[in-house]
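In what follows, a structure is listed as C-alpha cells, so that the remarks can point back to it.
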Number of protein chains: 2
Amino acid sequence: MKNKKRASTIQDVAKAAGVSVSTVSRVLNGKLDVASETQEHILKVINKLGYTSNLAARSMRSHKKNLIGLVVPDIGFPYSIEIMKGVNRAIAESKFDLLLYTTGDVQKNGTALHEQHYVSLLNNSITDGVLIVASAAAEFITNSPIVAVDPHVINPHYPSVQGMNYQGAQEVMEYLIGLGHRRIGFISGRPEIGSAVRRLKGYRDSLTNAGIEVDEELIKPGDFTQKNGYTNACELLKMENPPTAIFAANDQSAFGVIQAAEDMGIRIPNDLSVVGFDNITEAKYIGLTTIDQFLEEMGYVAMQMLIKLINGEPLEVEVYKMQTKLLLRTSCQELTPVA
Amino acid sequence: MKNKKRASTIQDVAKAAGVSVSTVSRVLNGKLDVASETQEHILKVINKLGYTSNLAARSMRSHKKNLIGLVVPDIGFPYSIEIMKGVNRAIAESKFDLLLYTTGDVQKNGTALHEQHYVSLLNNSITDGVLIVASAAAEFITNSPIVAVDPHVINPHYPSVQGMNYQGAQEVMEYLIGLGHRRIGFISGRPEIGSAVRRLKGYRDSLTNAGIEVDEELIKPGDFTQKNGYTNACELLKMENPPTAIFAANDQSAFGVIQAAEDMGIRIPNDLSVVGFDNITEAKYIGLTTIDQFLEEMGYVAMQMLIKLINGEPLEVEVYKMQTKLLLRTSCQELTPVA
DNA sequence: ATAATTTACGGTATCGTTACCGGTATTGAT
DNA sequence: ATCAATACCGGTAACGATACCGTAAATTAT
C-alpha cells in the first residue's frame, strides 16, 4: 500500500498518447487548433491515467487561475461563518472556486503581520484575488486585486465593505436611553480590532450627547468571546451600583452576559436589559435584542466587488457601507422607576 | 494606481542584498550554514521589499508545504460548519495551515468526479494531504495522504471517520416506538449520499424488527434542506391517516417539519413528535430531540488521523466509528391513545 | 607548516506547465 | 502545376523556488 506511485504528469499523458506535451496542453486549455480525433484520443488517455494538472505548476506559468482566496482569522467564529455564507453564495454564482485560508488560532497568530503574509502568499501564487476579513492588513499589496471586509483601519488603500459600527452602537444606545436606562455597562471587543473601537466610541458619544457622564467603571475590556462576556458581566453585576442594562460589543459576549445573569438569579429583561451586536444565528433563539449588520450580505457584496476587480470592471464605490438595523426582541425592557 | 508592479521574487532579494539566490533560499528555509550577519542583512532586505515566497513555485520544487487541504461540498451548511470547527481545532494545535476548497454549489457540481478533481488538484500540488468531507471520492488517489469524513461508500480504500448512521437511526426508532408511535413518517436525505441511505435503512429495519409494516407512503424523498422538509411534512400531515411522529434525516429537515406543523396549527409535541439528526447548534434552542453524532469531534479526529498519516506514523484504526447519542429534548411525547 | 576539516556561499539542474515560435502537411486559388 | 494560406503539431524557453554539488576561505588537527 505504500507504493509511492507518483501522480501522472502531462509528460506521461503525452507519451501514452503518442503526442507532444504542447498538444496535450492545448487540449487541456481548450485551444481550438487541435484535430478533433486527436483531442478525443488525448482526453481518453487523460481519463485513463486519472491525470489532473498540477495547480502549482500551472499557476506559476499561466496567470488566470479561476481561484479566489479568502483569508479569515478563525472559521469557528459565528462572525466568520455568517460572512462565509455570503461569500459562498457569490462564488456559487461565478466561475470561480474558493480557497479559504486560516491560521486556525486567532489568539496566537492573528497579527497584522501574519495575515499580511497569507495575503501575499495567495496573491503572488495561486489565486486571482483575495478577500480579507476583519484584519489589519496588507501594506505590501502590489498588483493583485484585494477587497476587505471590516478592515481594522477605516481608510485602507483598497476597496472594502464596512459595517456601520459607530452608527449601530449609537442606535443601540439611543434605544436603551429611551427606555430610561442611565447606568449602561459596556463590554468591549479587543482594542486592536477597528470595529470594536468604533462601537466603543459610539457608546461613549451617545452617553455624552444625552448628557450622561461616562462612568469608566462601567466599561469592561473584552475579547468577543462568551467566556469573557461572562466574567465581565459578573464583575459589573457585583458592583455596588450595578448597571441596569448591558451593551455587549458582540452577540457572543452578550450570551455570556445572559448566562451570568441567569447564574446570579438576575432576571432578563426584568432586572437587566441586554443588547448584542451582529445578529448571529443563535441570537434569534435566545431572544437577544441586537444590531443586525447583515454579515452574510457583507460577504456577498464584497465578493462581487472582488470579482469585478478581477475582471477589470470599474467599481461603483470604493467603500461600501452596509446599513445596520436594530432588531428588537425580548432581552430589553423599560426601566421601572424604583418605588 | 493601476501600476502593474509585479511582486518581488527571490531574485530581487538576492540582487538587492548582493548575494546569490541560494543564500536567500537558505535563509528562508532556516538552514544553518549562513553567517549570522548575512542572515540579518538578508532578512532586512526581505522586509524592506515586502517579499513573500511564491507558494506555487515552492510547492513545485520542495515537498513539504505545511498545508492541509479540506474539501467540503458547501461551507454554508451547518453540517459542514460543525465539522470545520473540529478541523480548525486540530489545525490550531498543529504546525499546519488549512486550505479549504469548495465548489460553492453542491447541487450543481457536487458530483464524485468534481470532488475527485479537487482532491487531485490539491494533492498533486500544494498540500501535504487532504481531508474530504461527505463525498463519493477519489478513485485515483495516488500517493498523498487522504482521510475522509462520512464517505459515501462504507468501505473506502483510505482511512475514514464515519458516523454511525444506521445505529443512530435505530436508536431514534426504538425511542419513538417505545413512546407508542406506530405511524412514523420519514423524510430522507439525497439518495446518492451514503449516510442518508444508511439512516433510511435503519428506519426500515427498526420498523420490521418491531413487527410494524413499512408504509411506503410515509417515506418521503428529501434533500437535507429545511424547505424540502417543510413541503414533505405538509404532504405527510395532510394524509388521511397522518403519522403521529416524523423522523427527519437531519436537523434542518426537522426544522422544516416544525415550521410546517406550526403553520398548520399542529402542536409539537402534543399532536406530533419530531426527531432530527446531527444536533446542529440551533437544535438546542428549538428544543429538538435529535441524534448527536459529534460532528465537531469527527472533524477533530479526522484531522488528527491525517496529520499522523502525513508524518508517516501508523494509524490505530483505519475506520474510526464515532458513537452517536440520542438527545432527548422537548419535541417528542408519548402517544396518548385516542379516547 | 601542512593537511584535513568545517564554514559559507555560488552555480546550475530541476519541478510541471504554458507561451511562443516555427515547421510540416494539407488544402484551395489561379 | 505552382504558390499562398491554413490546420495541426513539436521544440524550447521561461515561471520562481529549492536541492544538490562544488569551491574558496577559515578553522582545526597533526
Side-chain angles (χ1 to χ4, degrees), chain A residues 4 6-42 45-46 49-67 120-127 142-144, chain B residues 4 6-42 45-46 49-67 120-127 142-144:
Chain A
K4 271 276 173 184
R6 77 186 220 323
S8 47
T9 73
I10 198 173
Q11 321 264 0
D12 302 330
V13 174
K15 198 175 297 176
V19 296
S20 76
V21 288
S22 314
T23 307
V24 178
S25 175
R26 269 188 281 263
V27 171
L28 252 31
N29 293 287
K31 298 289 166 62
L32 23 82
D33 56 345
V34 168
S36 53
E37 330 165 10
T38 318
Q39 178 175 342
E40 270 179 48
H41 177 226
I42 291 178
V45 172
I46 286 177
L49 294 185
Y51 164 81
T52 49
S53 86
N54 183 311
L55 185 61
R58 173 148 41 109
S59 306
M60 191 161 57
R61 194 70 187 93
S62 150
H63 275 218
K64 44 183 183 114
K65 348 195 177 188
N66 287 347
L67 211 51
S120 310
L121 211 57
L122 292 174
N123 245 350
N124 292 338
S125 346
I126 51 176
T127 60
T142 53
N143 47 350
S144 317
Chain B
K4 271 277 176 186
R6 81 187 215 321
S8 48
T9 73
I10 197 174
Q11 323 264 359
D12 302 331
V13 174
K15 196 174 296 175
V19 296
S20 75
V21 289
S22 315
T23 306
V24 178
S25 175
R26 269 187 281 264
V27 170
L28 250 33
N29 293 286
K31 298 287 165 66
L32 22 82
D33 55 343
V34 170
S36 52
E37 331 164 8
T38 318
Q39 179 175 342
E40 269 178 48
H41 176 226
I42 292 178
V45 171
I46 286 177
L49 294 184
Y51 164 81
T52 50
S53 87
N54 183 309
L55 185 60
R58 172 146 43 107
S59 305
M60 191 160 55
R61 194 68 186 92
S62 153
H63 276 217
K64 42 181 185 108
K65 348 195 176 183
N66 288 347
L67 211 51
S120 310
L121 211 57
L122 292 175
N123 246 349
N124 292 338
S125 339
I126 52 177
T127 60
T142 54
N143 46 351
S144 317

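Lettering follows sequence order; numbering is per chain, from 1. In what follows, every heavy atom counts, from backbone to side chain, and hydrogens, waters and symmetry copies are set aside.
With D/dG16, D/dC9, C/dG10 as the choices, the nucleotide that has an atom nearest any side-chain atom of A/A35 turns out to be D/dC9. Side-chain proximity of B/V19 to the nucleotides D/dG10, C/dG10, D/dA17 is greatest for C/dG10. The B/Y51 side chain lies nearest to D/dA17 when the options are D/dC8, D/dA17, D/dG10. For A/R61, the side-chain atoms get nearest to D/dA13 when compared with the rest of D/dT18, C/dG10, D/dA13. Comparing C/dT17, C/dG11, D/dC9 against the side chain of A/Q11 picks out C/dT17 as the nearest. Which of D/dT12, D/dA19, D/dC15 sits closest to the side chain of B/K31 comes down to D/dA19. Among the nucleotides D/dA17, C/dC9, C/dT18, the one closest to the side chain of B/T23 is C/dC9.
B/H41 places its NE2 atom 17 Å from the P atom of C/dA8, with the value rounded to the nearest Å. Atom CG of B/N66 and atom C1' of D/dT18 are 15 Å apart (whole Å). Residue B/D33 contributes atom CG, which lies 19 Å from atom P of C/dT5 at whole-angstrom precision. The distance between atom CD1 of B/I10 and atom P of C/dT12, rounded to the nearest whole Å, is 17 Å. Distance B/L28 CG to D/dG16 C1': 12 Å, rounded to the nearest Å. In this structure, the CE atom of B/M60 is 12 Å from the P atom of C/dT18, given to the nearest Å. Rounding to whole angstrom units, CG of residue A/D12 and C1' of C/dC15 are separated by 13 Å. Atom-to-atom, NZ of B/K15 to P of C/dC9 comes out at 20 Å; the value is rounded to the nearest Å.
Phosphate contact (OP1/OP2 of D/dG10, side-chain N/O of A/S22, threshold under 4.0 Å): absent. Considering only side-chain N and O atoms, A/S25 lies under 4.0 angstrom from the phosphate OP1 or OP2 of C/dT18. Under 4.0 angstrom from either OP1 or OP2 of C/dT17 there lies no side-chain N or O belonging to A/N54. Taking 4.0 angstrom as the limit, B/S62 places none of its side-chain polar atoms (N or O) nearer than this to OP1 or OP2 of C/dC15.
Comparing A/S36 and A/V21 along DNA chain D, the residue whose closest nucleotide (by nearest heavy atom) sits nearer the 5' end is A/S36.
In the interface, the side chain of A/R58 is not paired with the base of C/dT17 through any donor and acceptor atom under 3.5 Å apart. No donor-acceptor contact under 3.5 Å links the side chain of A/T9 to the base of C/dG16.
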